[in-house]
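Accompanying notes for the structure given below.
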Amino acid sequence: MTVVGKTWNRLTLPGKVIFTALPILVVLTVALIAVIAIFGGPILDILAANLPIVRFVVAVTIVLLMTIPTAFLIIYMELKVIALMNLRIGPDRVGPFGSLQSVVPGLKVLMKEDFTPTGADPVVFTWAPVVTYLASVMTLLVIPFAPGIFGQNLDLGLLYFFAIGGLSVVGLLMAGWSSYNKYSLLGGLRSAAQVISYEIPLTLSVVGLILLAGTLSLNSIVLHQAGWFTNWYVFQQPLGVLIFFIAATAEANRTPFDLTEADSEIVAGFATEYSGMRFGFFFFAEYVNVFIISALLVTLYFGGWNAPFPWPWPVTLDLNPGSLGVALLILVAVVPLILTLVFAAPIWMVSGRLKGWQALLIGFLLANLFIVAVIGGIAYLGLDWVAGLIWFLGKTYVFVFVFVWMRGTLPRVRIDQLMDFAWKWMLPASLLNIFITAAAIVVIDTVRPLHP
């Protein structure tokens, strides 16, 4: 055996991965630099001439990529929050505080056998989870996350959202029918009945808001709620937001309306015959749906990216780090070192058990947290989209927490109770909300000219 072979056998698995991947990365980097140097100009000209298409492709790519960490984060919230509600510790081994535990189910479905049952329609069986997943993800294109941070600003954005979101029922029916299993077929039919039944009050619940806003553009609806939190539509549409929340919970198949995969009654419903990644797509779609419904609820009724209050004074910061020149490089090199020593010195002096390098490590971590906090604060004050994104995600994850809270608290209802509630209570209430809102608008427009 050669020296190279002996050295290779002594390497650990991470070492082998690094020594294999590093040359490949170097070659790819050199090739990329060469391509940019040779064809950079023509490529930039083509991209500049087709900027709307480039923006759409970038938006779609970002939307698809953000769904994976979003699903993992919500899975972790369910594991940890429900455990704390049950006076348990929950995940605490994989990653800091068990934060990487939610990645394990994703890896597990990737490693499982992707089996197609005998008698199933392989084409429809394969495409069903894709349709369900994309029906959820495509709705994110019209959600405005912050000023200027959105996929597409459609004038009929709300109509697009409900139209695309309603296609999820097609994927559920495809899964139930193509599985060649009577339990899957019954589960798919029951899922369709539930989704369609609650789609009607869900859509009608926002009609009153549309009458008030006068637009179907989600960006315009958010702009109408700017200023103090009293401008949020939740205070003008209390019945509408209640109907929307309940119907959206049933639409997203969340507790207590998670009858589409009620394993206590019909095995696993439409997903009985699914395994591997195709099974994972269905439940990735469910967790992404939780974020989407929460985001739409914030957009329509809770001010979107707007803060609950305006600043009492105008804040303007001219953020131009490039103007510092060489001083910027000096700051980047010197400030972290000084802050590390500043944070490490008191820790080392107060605690006699810590060694010098341990105090320096803790000081380095604290210094970086301080730098991130300062940069974040400056960006919040100086960049509207950063402030808007923070408020939007903060409010959205409050409602994600509510959905997790409900799952850990409420029991599952029966299917007859589910359907009765949709048709006997939710539908009349949504129609009543439309009539009351329309009447209020007529009365206010009539009284307003009398009292200029």
Side-chain angles (χ1 to χ4, degrees), residues 11-22 24-25 61-114 129 132-133 136-137 140 145 252-255 258 261 271 274-295 358 361-373 375-376 389-390 392-409:
L11 289 174
T12 61
L13 180 60
K16 292 179 180 179
V17 172
I18 291 173
F19 276 97
T20 303
L22 193 59
I24 297 174
L25 290 176
T61 304
I62 293 173
V63 164
L64 287 173
L65 292 177
M66 70 170 287
T67 57
I68 299 173
T70 298
F72 284 153
L73 178 57
I74 297 174
I75 293 172
Y76 175 70
M77 287 180 65
E78 283 201 339
L79 294 172
K80 201 69 174 179
V81 171
I82 294 177
L84 295 175
M85 289 178 177
N86 295 332
L87 301 180
R88 296 184 285 109
I89 297 175
D92 65 340
R93 290 290 186 272
V94 185
F97 305 102
S99 56
L100 298 180
Q101 180 65 44
S102 58
V103 181
V104 174
L107 297 176
K108 182 173 69 174
V109 297
L110 278 174
M111 292 186 291
K112 281 189 173 182
E113 180 184 4
D114 201 359
T132 304
Y133 183 73
S136 299
V137 173
L140 281 171
F145 292 88
N253 303 325
R254 295 292 299 181
T255 305
D258 54 339
E261 64 267 4
Y274 279 89
S275 62
M277 199 57 214
R278 285 184 286 195
F279 177 86
F281 264 110
F282 279 119
F283 291 95
F284 261 62
E286 179 179 324
Y287 285 109
V288 173
N289 257 335
V290 173
F291 176 83
I292 292 170
I293 293 299
S294 302
Q358 293 173 327
L361 180 61
I362 296 173
F364 177 76
L365 295 175
L366 292 176
N368 279 276
L369 289 175
F370 178 77
I371 292 171
V372 169
I375 293 175
L389 190 61
I390 291 173
F392 181 85
L393 292 178
K395 288 187 280 187
T396 298
Y397 276 100
V398 167
F399 286 103
V400 171
F401 172 80
V402 172
F403 280 113
V404 174
W405 186 5
M406 290 168 59
R407 180 167 186 176
T409 306

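Within a 6.0 Å radius of CZ in Arg93, other residues, nucleotides and ligands contribute 12 heavy atoms or fewer. Atom CG of Leu64 is surrounded by more than 12 heavy atoms from other residues, nucleotides or ligands within 6.0 Å. Within 6.0 Å of OH on Tyr397 lie more than 12 heavy atoms contributed by other residues, nucleotides or ligands.
Here the shortest heavy-atom pairing between Ala83 and Gly90 reads CB-CA, 3.5 Å. Pairing each heavy atom of Asn289 with each of Ala252, the nearest pair is CB-CB, 4.2 Å. Across every non-hydrogen atom of Ser294 and Thr396, the tightest pair is CB-O, 3.5 Å.
From Ser99, atom OG reaches atom CG of Leu79 across 11.5 Å, with rounding to the nearest 0.5 Å. Here the CZ atom belonging to Phe284 is positioned 7.0 Å from the OH atom belonging to Tyr133, to the nearest 0.5 angstrom. Atom CZ of Arg407 is separated from atom CD1 of Ile82 by 6.0 Å, given to the nearest 0.5 angstrom. From Ser102, atom OG reaches atom CZ of Phe72 across 6.5 Å, with rounding to the nearest 0.5 Å. With values rounded to the nearest 0.5 angstrom, Ile74 atom CD1 is found 10.0 Å from Glu286 atom CD. Rounding to the nearest 0.5 angstrom, the gap separating the OG atom in Ser136 from the CZ atom in Phe282 is 11.0 Å.
No side-chain heavy atom of Leu73 sits under 4.5 Å from any side-chain heavy atom of Val400. The shortest side-chain heavy-atom distance between Lys112 and Met277 does not fall under the 4.5 Å cut-off. Side-chain contact check for Pro91 versus Lys80: some heavy-atom pair is nearer than 4.5 Å. The side-chain heavy atoms of Leu84 and Arg88, taken from C-beta on, include no pair separated by under 4.5 Å. Annotation: side chain of Met406 is not in contact with side chain of Arg254 (no heavy-atom distance under 4.5 Å). Using a 4.5 Å heavy-atom threshold, the side chains of Phe399 and Val404 count as separate. Two residues are said to be in side-chain contact when any heavy atoms from C-beta on lie closer than 4.5 Å; Gln101 and Val104 meet this criterion. The shortest side-chain heavy-atom distance between Met77 and Trp405 does not fall under the 4.5 Å cut-off.
Ring centroid separation for the pair Phe279 and Phe283 comes in under the 6.0 Å cut-off. Here Tyr287 and Phe403 keep their ring centres 6.0 angstrom or further from each other.
With respect to the salt-bridge test (charged N to carboxylate O, under 4.0 angstrom), the residues Lys108 and Glu113 do not qualify.
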Q. Between Ile89 and Asp92, is a side-chain contact (heavy atoms from CB on, under 4.5 Å) present by the stated rule, with each step listed?
A. CA-CA 7 Å; Ile89 297 175; Asp92 65 340; 3.8 Å; yes

Q: Report the C-alpha separation of Leu140 and Phe145 in whole Å, then their side-chain angles, then the decisive distance to 0.1 Å, and conclude whether the side-chain contact (heavy atoms from CB on, under 4.5 Å) test is met.
A: CA-CA 10 Å; Leu140 281 171; Phe145 292 88; 4.1 Å; yes

